[in-house]
Structure formats: C-alpha cells, structure tokens
2 protein chains.
Amino acid sequence: MTDRPLRRQPLYSQIKQQLLRRIGDGEWQENDALPSEWDLADELGASQGTVRKALSELVADGLLYRAQGRGTFVAPAPSEWGEGLLLTPGLFNEQPDDLAREFLGISRGNASDDMAAALQLRRAAPLLRVRQLWRWHGIPVAVDEAFLPADEFEGLDARWLRGSSGVYQALQQRFGIRLKVLCEQFRALMLPREESALLGVTGMVAEAPALSLIRISGSMEGVPLEWRQRYCLTHNWAYTARRA
Amino acid sequence: MTDRPLRRQPLYSQIKQQLLRRIGDGEWQENDALPSEWDLADELGASQGTVRKALSELVADGLLYRAQGRGTFVAPAPSEWGEGLLLTPGLFNEQPDDLAREFLGISRGNASDDMAAALQLRRAAPLLRVRQLWRWHGIPVAVDEAFLPADEFEGLDARWLRGSSGVYQALQQRFGIRLKVLCEQFRALMLPREESALLGVTGMVAEAPALSLIRISGSMEGVPLEWRQRYCLTHNWAYTARRA
DNA sequence: AAGTGGTCTAGACCACTAG
DNA sequence: TAGTGGTCTAGACCACTTT
C-alpha cells in the first residue's frame with residue numbers, strides 16, 4: 001500500500017474491521033468460503049501475511065474457521081444457549097446433548113440501574129425483554145431472560161423470535177448483528193417463585209437451589225448490547241466452560 | 001494416506017516448547033526480561049518473526065507479557081484464587097477485593113471415579129488433598145479442596161503449603177511446574193454439612209445455596225494435574241469470568 | 001542514540017484437499 | 001495438478017522507552 005498518509009490503526013486491524021463489516025452486511029453467508037488469502041491481499045493491496053493476521057484474529061473471535069487446503073469460511077452463528085454446556089457433573093469429555101428452546105414471549109420494560117450501567121444506557125432506559133425456556137429431553141432445565149436496548153432493536157417482535165432459533169439468530173437475520181460474549185457472572189441462589197413455576201419445581205419443598213448466570217454480550221467491537229439472565233437447575237447437570 | 005509419516009512440529013512450536021522448559025527450569029525468574037526477539041532468533045537460528053510467533057503464544061497463555069520498547073518478561077504465577085473474580089452481583093467493571101487465604105491442611109486419599117477419569121489416573125489412585133479457606137474482609141466466603149496425583153507430587157507437605165501463598169505457588173517453587181486452567185464446571189447446590197461449619201453458616205436455617213465450582217488444571221501442555229472443588233457463598237457476591 | 005517490541009512486504013516452500 | 005492454508009525468511013521501517 002503506497003498512499004497511506006495516516007495510520008491510526010495497523011493495517012491488519014483495518015482489514016479485520018472491513019471484513020467484519022462485509023460479513024455483517026451478508027456479503028458471505030454462513031459456511032461460505034471467503035476469497036483466498038492471496039486474492040484478498042491483491043484486492044486490498046496488502047501482503048498475504050498481513051491479510052492472514054487479520055483472518056487469524058477473526059478465527060480467534062469465532063467468526064471464521066479455516067480448513068487447510070480448502071479455504072476460509074464464515075462460521076455459523078453461535079448457538080442460542082451460549083458457550084457453556086450442560087453436562088453430567090464431574091464428566092468433562094462428554095458430548096453435550098441438544099437442548100430444545102421454547103419461546104415464551106417478548107415484552108417491554110425499563111432498565112434496572114445494574115442493567116443501565118452494564119449496557120451503557122441512561123437510567124430506566126427502555127428495554128426489550130425476551131423470555132425463553134430450555135428443555136433437556138423434555139424436562140425444563142433453565143429459563144432465560146434477554147434484555148436488549150429497545151432503541152437499537154426497534155422492530156424486533158414475536159414473529160422474528162418465534163420463527164428463528166433464538167435471539168442471536170433473530171438479531172443476525174433482522175439487523176445483521178452478531179453478538180459475542182463479553183463477560184459472565186455466576187451465583188447460587190434459591191429459585192424465585194415465578195421461575196419455580198416455569199421450571200416445574202413443586203411439591204412440599206418448594207425451593208430449589210439454582211445457578212444464576214448473568215451474561216453481557218455485545219458487538220464484535222465490544223459495545224454491550226444484551227443483558228441475559230438465566231436460571232439453571234443443576235442438581236442433575238453442571239454448567240461447563242471449556243478453555244483453550 | 002496408508003502411510004502416515006511423522007509430521008514435524010513447526011519451528012515456532014518447537015521454540016515455544018523450549019522456552020516453556022527454560023522458564024520452568026528457572027532460567028528467568030518472574031518479571032525478568034527475556035533476551036530480545038533478535039537475540040533469541042540469533043541464538044536459536046530462526047528469524048525474528050518465527051521467534052515472535054512463539055513468544056506471542058506464550059503471551060496468550062499468560063506465561064509472558066510484553067512492554068513495547070522495553071522487552072518481554074516472565075509473568076508472575078497466576079493467583080491462587082484462579083481466574084474468576086468475586087464481585088458484587090450485577091457490577092462488572094469493579095476491581096476485585098483481595099481475598100485472604102487460609103491453609104487448613106493436607107491429607108492423603110484416593111481418587112473417585114470422576115477424578116480418576118479427569119486426571120487420567122487408575123481407579124482409586126492415591127491423591128494429595130489440600131484444603132483452604134477464603135476470607136473476604138475477614139468473612140469466610142469459600143472453601144477449597146485441591147486434589148493432586150500423589151505420585152507426581154511426592155514430597156509436597158504442609159511446610160511448603162503453609163509458607164507459600166497457595167497450591168500453585170508451592171508447585172512452582174517445589175516442582176517448577178506451572179498450571180493453567182483446562183476447564184471448569186459450575187453447579188448450584190445446598191452447602192454440605194462440613195462446609196457449612198467451615199463457612200460459619202449456622203442458625204435456624206442451617207442450609208444455604210452455594211456455588212460449586214469444579215476445575216481441572218494441568219500443565220501448559222494440557223496434561224491434567226489438579227482437580228479442584230470449591231464451594232462459594234454467593235448471596236453477597238458473584239463469581240465473574242471476563243473474556244477477551 | 002540505542003535498544004526493544006510491532007508491523008509489513010515479497011518471496012519461497014511445505015502440507016493438504018479436490019477435481 | 002492446481003488451489004488453498006501454514007510456515008519461514010530477510011530485510012525494512014515505525015513506535016516507544018531508556019540512557
């Protein structure tokens with residue numbers, strides 16, 4: 001690249017941003033192959049090594065995957081359940097069972113102070129609230145609330161959510177936005193009344209300990225866009241996080 | 001295809017392994033500077049770019065850190081508490097308070113089937129069991145059990161653990177081994193009797209929900225070496241995992 | 001000014017996949 | 001055999017820190 005008077009950001013970083021935008025714009029669909037590293041280098045006026053560095057970061061971010069000898073591909077959107085897996089406690093190498101998701105409803109509300117702070121919104125900002133139920137072999141194991149800034153996602157309604165396989169897929173289809181997990185918090189607490197009913201915890205012992213998960217997700221650039229709160233019953237399962 | 005020739009490890013990978021070993025052998029202490037990328041390249045007969053790639057992976061693994069214009073340094077051992085932080089629920093950008101660790105004791109036992117499987121040991125293999133208590137501003141918030149293969153760590157005793165700031169530091173000082181987290185599991189359950197006593201949960205309501213964390217740690221090469229089980233009281237705190 | 005990490009290039013070769 | 005990702009080199013220059 002000959003004319004590049006101002007370099008605020010390294011070239012590979014600019015290329016990464018550009019590819020991020022083009023993926024978001026739908027230039028390549030899930031599992032589509034990108035142009036080869038050499039073709040991209042040609043097109044962008046950079047060297048193969050520099051393009052490769054940009055691609056490597058996108059692979060690390062989970063947006064792309066590579067197959068030696070075949071090409072570089074757009075990764076499928078992350079599953080609605082998230083990165084954690086439900087496994088039998090103590091076992092780590094098991095394959096996770098598939099979870100079924102049930103859309104419960106969408107409503108409007110206002111941000112709590114915690115939510116407003118985490119999502120960088122003003123106090124009591126309007127939010128969309130999406131509720132989902134998770135079943136494992138038919139048995140309810142978790143309830144989910146996703147809170148999204150209403151201003152950003154005006155037009156997201158039950159039609160989009162019922163038809164899609166979850167909030168993340170709906171956001172990608174409707175707004176072309178892909179979320180990634182920014183941080184997570186875990187707590188143990190007694191299941192609140194309303195969630196107990198949804199999860200079918202009944203009987204003389206009306207209380208059960210539940211794993212509370214709060215997750216902030218955001219754009220690939222790190223702008224927070226979702227506060228998700230989940231209650232998991234874990235007397236028969238454990239929530240697993242794998243690491244590289 | 002039928003014939004599977006030995007695939008040579010990439011050079012940067014060999015360099016990484018060698019540096020790993022030299023760090024483990026104590027050639028450079030914590031916060032010591034390594035030779036510059038160019039000097040290492042010279043010494044190892046590789047190019048600066050290749051050395052840089054090896055160093056970058058070690059930085060990503062948390063073993064080294066870099067400072068532009070100054071050098072590449074050996075990172076301090078990870079804290080005994082681990083990567084997760086205890087924070088006020090709902091707040092994500094807070095700095096964590098320091099936790100005080102109390103060594104409770106070390107004993108010998110045998111691996112459960114789960115532990116044996118996770119640590120790749122034979123059934124009922126002998127284990128060392130290290131127990132610790134965590135206090136936050138003097139208040140007990142968590143109890144910890146670390147299980148280590150007795151055969152690997154013969155000679156680790158109370159003297160080493162009392163004097164050090166934790167299991168990880170003791171392993172590094174005594175055996176020159178650095179552990180990294182391989183995977184984690186979370187569950188919510190009612191605090192068992194023994195742990196209730198240690199954490200001072202008493203009164204008419206003898207039961208409290210607790211966050212159960214099971215973590216497998218291992219060598220930098222991925223060999224599992226520690227099963228750690230922790231019970232956290234989280235009615236006033238949350239367990240936070242940050243992501244890149 | 002000297003030394004370090006950080007970026008970028010052009011070219012080369014290897015390993016793997018597919019037609 | 002052609003195309004792709006994966007590795008490696010030598011050299012250049014930039015950005016930052018220390019002396």
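This structure is a prediction, so every number in the text was calculated from the model and none was measured. Letters A, B, ... mirror the listed sequences (proteins, then strands); counts begin at 1.
- A donor-acceptor distance shorter than 3.5 angstrom exists from the side chain of B:D32 to the backbone of B:Q29, with no hydrogens or angles considered.
- Not a single salt bridge (charged side-chain N to carboxylate O under 4.0 Å, His left out) links B:E152 to another residue, sequence neighbours left out.
- For residues 15-28 of chain A, proximity to DNA chain C is found at no residue, defined as any non-hydrogen atom under 4.0 angstrom from a strand atom.
- Not counting sequence neighbours, the partners of B:R215 by the side chain to side chain donor-acceptor pair (under 3.5 Å) test are B:E184, B:Y239.
- Taking a pair as Watson-Crick or G-U wobble with both distances under 3.5 Å, the runs of three or more consecutive pairs in DNA chain C are C:1-18 with D:1-18.
- For residues 60-75 of chain A, proximity to DNA chain D is found at A:R66, A:A67, A:Q68, A:G69, A:R70, A:G71, A:T72, defined as any non-hydrogen atom under 4.0 angstrom from a strand atom.
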Listed pairs under 3.5 Å, donor-acceptor, residues 62-76 of chain A side chains, sequence neighbours left out:
{"from": "A:Y65", "atom 1": "OH", "to": "A:N31", "atom 2": "OD1", "distance (Å)": "2.9"}
{"from": "A:R66", "atom 1": "NH2", "to": "A:S56", "atom 2": "OG", "distance (Å)": "2.6"}

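- A donor-acceptor contact shorter than 3.5 Å links the side chain of A:Q169 to the backbone of A:S165.
- The side-chain contact (heavy atoms from CB on, under 4.5 Å) check on A:P78 picks up A:R178, with sequence neighbours excluded.
- The salt bridge (charged side-chain N to carboxylate O under 4.0 Å, His left out) contacts involving residues 38-48 of chain B comprise B:R22-B:E43, where partners must be two or more places apart or lie in separate chains.
- Within the structure, a side-chain polar atom (N or O) of A:Y12 is placed less than 4.0 Å from OP1 or OP2 of C:dT7.
- Counting only residues at least two apart or on different chains, no ring-ring contact (aromatic ring centres under 6.0 Å, His included) pair has a member in residues 12-62 of chain A.
- With a 4.5 Å cut-off on side-chain heavy atoms, B:I23 and B:D25 do not count as touching.
- Using a 4.0 Å cut-off, some side-chain N or O of B:K53 falls inside it from OP1 or OP2 of D:dT7.
- The stretch residues 30-52 of chain B comes close to DNA chain D through B:G45, B:A46, B:S47, B:T50, each having a heavy atom under 4.0 Å from the strand.
- Every residue meeting the side-chain contact (heavy atoms from CB on, under 4.5 Å) condition with A:S219, not counting sequence neighbours, appears here in chain and number order: A:E221, A:V223, A:L225.
- No side-chain donor-acceptor contact under 3.5 Å links B:R174 to the backbone of B:L156.
- Not counting sequence neighbours, the partners of B:Q132 by the side-chain contact (heavy atoms from CB on, under 4.5 Å) test are B:E80, B:R101, B:V130, B:W134, B:D144, B:V167, B:R228.
- At least one side-chain heavy atom of A:F153 sits less than 4.5 Å from a side-chain heavy atom of A:L171.
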